[in-house]
Structures are given as structure tokens and as C-alpha cells.
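I have placed the structure first, in the form of C-alpha cells, so that the comments after it can refer back to it.
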Amino acid sequence: MKTANDTTSAIPSDFIRNIIAEDLKTNKTRGRVVTRFPPEPNGYLHIGHAKSICLNFGIAAENGGICNLRFDDTNPIKEEVEYVESIKEDVRWLGFDWGDRLFYASDYFEQLYQYAVQLVKSGKAYVCDLSADEIRRYRGTLTEPGKDSPYRSRSVEENLDLFERMRSGEFEDGSRVLRAKIDMASGNLNMRDPVIYRILLAEHHRTGDKWCIYPMYDFAHCLSDSIERITHSICTLEFEDHRPLYDWFLDELNADCHPRQVEFARLNLSYTVTSKRKLAHLVEQGHVTGWDDPRMPTLSGLRRRGYTPESIRKFAERIGVAKKDSIVDIALLEHCIREDLNERATRVMGVLRPLRVVIDNYPEDRMEELEAINNPEDPGMGTRKVPFSRVLYIERDDFREEPPKKFFRLAPGREVRLRYAYFITCLEVVKDQQTGEVVELHCTYDPETRGGWSPDGRKVKATLHWVSAAHSLKAEVRMYDHLFTKTNPSDEKDGADFNAYLNQNSLETLNSCCVEPSLAGAAPASRYQFERLGYFCVDSVDSSDEALVFNRTVTLRDTWAKIEKAQMRRTIADGSS
RNA sequence: UGGGGUGUCGUCAAGUGGUAAGACACAGGAUUUUGGUUCCUGCAUUCGGAGGUUCGAAUCCUCCCACCCCAGCCA
């Protein structure tokens with residue numbers, strides 16, 4: 001098995017790696033480390049799964065072990081091939097390779113059935129005719145013990161016969177189940193004679209109509225782990241009180257391989273949800289365009305948004321692994337993608353909200369090509385030519401008729417630098433007579449400052465990005481913001497569910513953006529830094545050579561925005577005091 | 001009121017009886033043809049609380065408090 005290699009990172013330390021190191025030291029597994037990533041193919045993978053994937057594949061790689069990809073496909077009603085394909089694609093994209101270790105719980109259905117028969121034979125399982133509702137009532141409550149099913153004392157022969165007939169399709173859907181015979185008075189509800197097989201007259205995406213009974217998770221999972229000779233079965237916290245059951249099955253069946261289950265806290269990210277159920281809901285309700293909507297924390301969404309696998313792996317490493325319920329600040333994820341893209345993204349100039357600028361003293365018929373650096377972090381990425389002419393566009397945000405304190409950018413009478421081009425000075429502001437909106441600026445340029453340097457050493461406080469009006473390309477840019485307005489949308493303490501906290505402004509589409517001509521024919525999914533704005537990638541679904549569409553992956557850190565916000569707060573505070 | 005877990009900086013998170021790592025965030029400052037990057041600096045006398053053991057406690061003991069998970073024929 002090969003695994004993505006992050007050369008810069010040391011192997012992290014966490015309680016799971018400590019447990020494994022200890023097990024290795026005490027020779028619990030004869031030196032083997034085998035993990036598995038066991039998704040149920042009932043939805044798309046999200047950032048929380050990435051944590052688990054990095055953990056399982058990472059641990060295997062660090063210990064010279066292997067990690068299996070196993071689909072936990074024991075519930076045909078919810079599972080689909082579309083999901084297994086997407087999951088494989090996402091794991092591969094994240095940078096992990098399961099080699100020939102691709103398995104399905106459904107591969108083991110026959111073995112699992114035989115194990116169940118064995119349990120029946122040893123008197124540890126019985127066929128129960130209670131309805132789902134009756135089973136629930138017999139189970140008792142959190143504080144009261146349950147009571148035995150009237151079918152609990154059926155003979156082994158009768159159970160064997162009934163179970164076989166369940167398999168052969170003799171009974172109605174849901175009419176009978178096979179249950180483990182454990183302890184109806186256990187404080188752990190999972191031990192109160194859990195159902196291990198149910199009748200489901202449903203077509204399975206891999207086994208077709210071969211089966212009409214399907215094993216439950218608790219039964220299938222531990223045995224699948226054992227069959228694959230997993231050494232450490234790593235899962236999330238909610239399975240902690242399933243562990244006694246996990247161990248019970250393996251003990252009762254005398255399994256020769258008894259993996260150790262270890263639980264860790266699942267990932268929660270601020271301003272989003274990491275629950276397949278909730279994500280599916282967003283898709284179904286049309287709040288997003290699909291599982292791969294760039295606002296989704298799914299791997300396909302993050303990929304389309306412009307995130308790199310490296311950044312997600314780095315993120316998984318930085319959040320650590322522990323047992324505490326927590327919510328990781330999404331700013332950390334954003335930091336990871338900025339850090340990665342800062343080193344590798346080609347710089348380019350693009351104007352999102354164009355403001356027309358006419359350089360009055362620049363000849364009308366002239367055009368010159370100025371040299372621009374592709375990536376100051378990596379001189380090896382070279383330079384490119386950017387056309388300059390008399391009519392340009394700059395960012396509307398880069399001009400203020402009445403500049404506030406600390407605003408360094410263009411204003412009437414002020415001189416600024418156009419990146420890689422010239423110093424320009426604003427002389428005249430043209431406004432719309434009706435609305436008063438600034439529609440055009442008239443400026444002069446200093447021919448002595450070509451390339452952006454002044455021979456007399458005079459300084460300007462701002463450098464602006466720009467684009468030549470006649471040479472620029474039109475583009476659509478999609479600006480994304482957090483999907484939810486609340487740090488923890490899943491917190492229902494205020495009486496509302498996560499739907500109430502959907503950010504209505506999570507997508508803003510800009511249709512009249514202008515980008516420099518070097519972007520012509522930009523490849524789908526390619527990533528760029530639009531200087532001074534952020535990182536953007538070519539949308540892999542909607543962009544074409546005729547109509548460029550960019551997704552904003554993440555903004556650059558914006559010190560001015562912070563200053564402005566602070567000024568705003570101060571003004572409000574002064575006004576109200 | 002049953003069972004299983006968890007509490008260390010705003011957010012993650014090391015720490016395993018020898019005197020509180022690191023990251024993000026935040027706040028200053030330096031450098032800068034991106035208000036980007038980079039670089040410095042600051043940011044837990046204290047580890048949910050109270051007692052106790054010890055020369056010494058986030059680490060051990062006792063009690064208490066808070067929060068999370070479990071009553072699917074889901075995983």
C-alpha cells in the first residue's frame with residue numbers, strides 16, 4: 001500500500017498511536033498493524049471522513065501495515081453504487097491507495113450466515129417473532145430492565161429451522177428476526193438481546209436478490225474485521241458502548257482474530273455540519289446544488305471549491321485525535337489551504353467589481369506588454385506578459401472619493417501604483433447624474449515609473465491590481481461564504497434546528513468580472529491566486545473556454561478589512577454613547 | 001434515577017508524579033511592487049470545583065459539578 005507523503009510533517013502523536021505502539025511493544029499482534037476504513041455507501045464522504053481516512057491509512061503506513069477499504073453494505077435499502085463509486089474516487093483523490101485491499105461486507109454474507117448458525121447451535125441466538133414495536137417495549141428503558149421475549153427459550157432445532165426458513169424467503173418482510181441471547185437486564189441497552197439478522201425483501205446493489213435476510217452492523221462489523229484480520233478497529237465515540245457487543249460476538253464464536261476496537265471523537269467544524277443525514281437534507285431540499293456544491297464540506301465539494309488533498313491532509317494532522325467532543329474552528333481549514341496555495345498557485349490579476357479608469361495622457365492606440373511575476377514564492381514559476389492600455393479596470397473597492405483614515409488606495413488627487421505597470425494619479429471622478437454613482441475615473445500616469453518603480457525614489461502607499469479593458473476576458477466568479485450563520489448549527493438549545501441557521505448569503509455570483517488574458521483556456525479545476533483578493537479555481541462543471549467560471553476557494557488574509565471593521569465598530573460605539 | 005464517556009488558553013491539542021509543548025485565532029512591531037507572504041513579540045502562576053496524599057500533583061485518592069452518547073428490525 002502506498003500512502004500520500006507529506007515530507008514536512010513528523011508523525012503525530014495521539015492516544016490511538018500510543019495504544020498501537022504499546023500493543024506492538026507487548027507483541028499483541030505479532031508485529032502486524034492492519035486498519036480499515038469502513039464507509040457505508042449511503043452518501044458522499046465529508047471532511048469528517050477525511051479525518052478517519054488519514055488516521056487509518058496514516059497509522060498503517062507509519063507502521064509498515066495495511067489499510068483496507070471496506071464498504072459496510074449491510075442495509076440494501078439505503079445503499080447505492082453511485083455512492084461506492086464516489087467514495088472510491090474521493091479516497092483516491094485524498095491521496096490514499098488501498099491496492100488490492102478493496103472489500104465489501106456483502107462479500108462475507110455467506111460466512112456471516114454460518115457464524116449466525118453457529119451461534120444458534122450454541123444456544124446463543126434465537127429467532128424472535130415479536131414485532132418491531134413489541135421488541136421495543138420488551139427492551140425496557142434507560143433506567144428499567146427489559147423483559148425476556150416469549151420466544152427466547154425456543155429449542156436449538158426450532159431456531160435452526162426457523163432461521164433457515166428466514167433465509168429461504170418463507171416469511172414476510174420484517175416478520176421475524178434473529179437475536180443474540182445475552183441479558184435483557186443489562187445496563188447497556190446494546191446487550192439486551194440485540195437483533196442480528198432481519199428480513200429485508202430488498203435488492204442489494206451487489207448481491208442482487210440472493211439474500212432476503214441481512215446482518216445488522218454489530219454482528220457484521222466485528223466479524224468482517226476478524227475475517228480481514230484487522231488488528232485495530234478504529235471508530236467514533238458513539239460506538240463506545242457497542243464495544244462489549246463487538247467483543248461478545250468474537251468471544252462466543254471463538255474467533256481466532258479478535259481486533260481491538262478504539263474510539264475517537266468525530267470531527268465537528270464551525271459554521272457547517274458534518275453529518276451525512278444533514279448534508280443529504282441540504283441536497284434534497286435544494287439548499288445547495290448537489291453533494292459537490294462548493295459550499296459543502298464534502299470531499300467532492302471541497303475539491304470543486306479548489307481545496308487540495310495536501311491541505312486537507314495537513315488539516316487532519318493539525319486537528320489531532322482525541323476523545324473530547326469538540327468543534328474545530330473552520331479558520332484552521334482555511335489557513336491550511338492558504339498555506340498550500342500560497343506556495344503553489346500562479347498569481348494572476350482579475351477585477352471582480354470593475355471601475356473604469358481612463359489614463360488621459362496615455363496614447364489611445366498604444367498597447368504595451370509588461371512583465372509580471374507568476375509566483376514570488378517560487379521564482380522557478382517564471383514570468384508572463386500582461387497588456388496595458390489607455391482604458392483599464394480597477395476594483396471598485398480600491399477607490400474612495402472620501403478616503404477614511406488609513407485608506408491607502410486611490411482617491412482624488414492621490415497617486416498609487418498599478419502592479420507591474422505605472423504610478424497613476426486620480427484627477428477626475430465621473431458620476432452618474434441620476435444616481436451619483438461613480439462610473440469612471442480619469443487619471444494620468446507617470447511614464448518614468450514603468451514596471452512600478454519611480455526613479456526619484458518616491459513612494460506610494462498602495463499597489464492596485466488592474467486589467468486592460470480591451471484585452472481582458474469576461475468571467476463569472478462565485479463567492480462563497482460559510483453555509484451556516486451559527487458556530488454550531490446542530491445545537492438545538494434555542495429551540496430551532498440547523499435549517500434555521502442556513503446562511504442566505506453563502507453564495508454571491510459576480511457576472512461582470514474581468515480577468516487578464518493569460519487566463520484564456522484555463523484548465524478546469526486549475527487554481528490561481530487573484531492578487532490581493534484570494535485563491536480561485538476554474539469550476540470543473542460550469543466553466544468553458546467561451547464562458548469562464550471561477551470559484552473563490554478562500555480569500556487572502558485582509559488586514560484592511562479588519563481595520564475598517566474596527567473603525568466601523570468604533571463609530572457605532574461613539575454614536576450610541 | 002441505568003450504562004458508557006469527556007472536562008488543560010477564544011478554538012483544537014501535547015502532557016502518563018519533577019514544576020503547563022505546539023497550531024489556529026487574536027494583539028503589537030519589522031520587511032514588502034499583493035494591506036498577501038515572511039520575520040519578531042505578546043497571549044494558561046495554572047489544568048471543571050473542593051478536599052486529601054506527597055518534598056513536589058494537570059498527572060495519585062475522595063467527593064462534587066458540567067457536558068456528550070445509548071431505549072433503529074440504521075451505521
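Letters go in sequence order (proteins before strands), and every chain restarts at 1.
- For residues 167-177 of chain A, the pairs satisfying side-chain hydrogen bond (donor to acceptor under 3.5 Å, both in side chains) are A:Glu110-A:Arg167, A:Asp129-A:Arg176, A:Arg165-A:Glu170, with sequence neighbours left out.
- You'll find that the side chain of A:Arg347 is closest to B:G36, out of B:G36, B:G35, B:C12.
- Using a 4.0 Å cut-off between charged side-chain N and carboxylate O, A:Arg532 and A:Glu395 make no salt bridge.
- Across all strands shown, B:U38 pairs with B:A30; the Watson-Crick or G-U wobble distances both stay below 3.5 Å.
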Strictly under 3.5 Å: I want the nitrogen or oxygen pairs between protein and nucleotides 22-26 of chain B, one per line.
| from | atom 1 | to | atom 2 | distance (Å) |
| --- | --- | --- | --- | --- |
| B:C24 | OP1 | A:His335 | NE2 | 3.4 |
| B:C26 | OP1 | A:Lys562 | NZ | 3.4 |

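- In the set B:C12, B:G2, B:G4, the nucleotide with an atom closest to the side chain of A:Glu240 is B:G4.
- Under the 3.5 Å distance criterion, the side-chain polar atoms of A:Thr26 are matched with a main-chain donor or acceptor of A:Glu22.
- Closest approach to the A:Leu142 side chain among B:C70, B:U6, B:C68 is made by B:C70 (side chain taken as heavy atoms from C-beta onward).
- Minimum atom distance to the side chain of A:Glu377 is reached by B:G36, of the listed B:C70, B:G36, B:G72.
- You'll find that the side chain of A:Ile135 is closest to B:C73, out of B:C73, B:G4, B:A75.
- For A:Phe388 and A:Trp466, the ring centers are positioned less than 6.0 Å apart.
- One finds a side-chain N or O of A:Ser13 lying less than 4.0 angstrom from the OP1 or OP2 phosphate oxygen of B:G15.
- Base pairing of B:U46: no nucleotide in any strand meets the Watson-Crick or G-U wobble criterion (both distances under 3.5 Å).
- The C1' atoms of B:U34 and B:C47 are separated by 42 Å, rounded to the nearest whole Å.
- Dashed line: the shortest gap from a side-chain N or O of A:Arg198 to OP1 or OP2 of B:C74 is under 4.0 Å.
- OP1 or OP2 of B:G72 sits under 4.0 Å from a side-chain N or O of A:Arg139.
- With B:A75, B:A71, B:A13 as the candidates, the nucleotide lying closest to the side chain of A:Arg136 is B:A71.
- Checking each of A:Tyr197, A:Phe109, A:Tyr113 against A:Tyr214 for a ring pair (Phe, Tyr, Trp, His ring centres under 6.0 Å) leaves exactly one that passes, namely A:Phe109.
- Using cut-offs of 30° and 60° on the angle between ring planes, the pair A:Phe536 and A:Phe530 is parallel.
- The base-pairing partner of B:C67, taking Watson-Crick or G-U wobble contacts with both distances under 3.5 Å, is B:G5.
- Proximity note for A:Thr74 (side chain, C-beta onward) versus B:C73, B:A71, B:A75: the nearest is B:A75.
- Taking atom P in both B:U8 and B:C68, the straight-line distance is 15 Å, to the nearest Å.
- For A:Glu371, the side chain to side chain contact (heavy atoms under 4.5 Å, CB included) criterion is met by A:Thr383, A:Lys385, not counting sequence neighbours.
- A sub-4.0 Å separation between OP1 or OP2 of B:U8 and a side-chain N or O of A:Lys324 is present.
- Distances shown here put a side-chain N or O of A:Arg532 below 4.0 Å from the OP1 or OP2 atom of B:G35.
- With a glycosidic angle more than 90° from 0, B:G48 adopts the anti conformation.
- Rounded to a whole angstrom, the distance from the P atom of B:A20 to that of B:U54 is 23 Å.
- Remark: B:G51 base-pairs with B:C61; criterion is Watson-Crick or G-U wobble with both hydrogen-bond distances under 3.5 Å.
- An OP1 or OP2 oxygen of B:G15 is reached within less than 4.0 angstrom by a side-chain nitrogen or oxygen of A:Asn18.
- Look at A:Thr143 and you won't find any side-chain N or O under 4.0 angstrom from OP1 or OP2 of B:G3.
- The closest donor-acceptor contact from the side chain of A:Arg417 to the backbone of A:Leu464 lies at 3.5 Å or more, if one exists at all.
- A distance of about 7 Å separates the C1' atoms of B:U53 and B:C61, rounded to the whole Å.
- A:Lys493 has a side-chain polar atom (N or O) that falls below the 4.0 Å cut-off from OP1 or OP2 of B:C68.
- Going from the P atom of B:C74 to that of B:A66 covers 36 Å, rounded to whole Å.
- Using a 30° and 60° split on the angle between ring planes, A:Tyr246 and A:His221 fall in the tilted class, from 30° to 60°.
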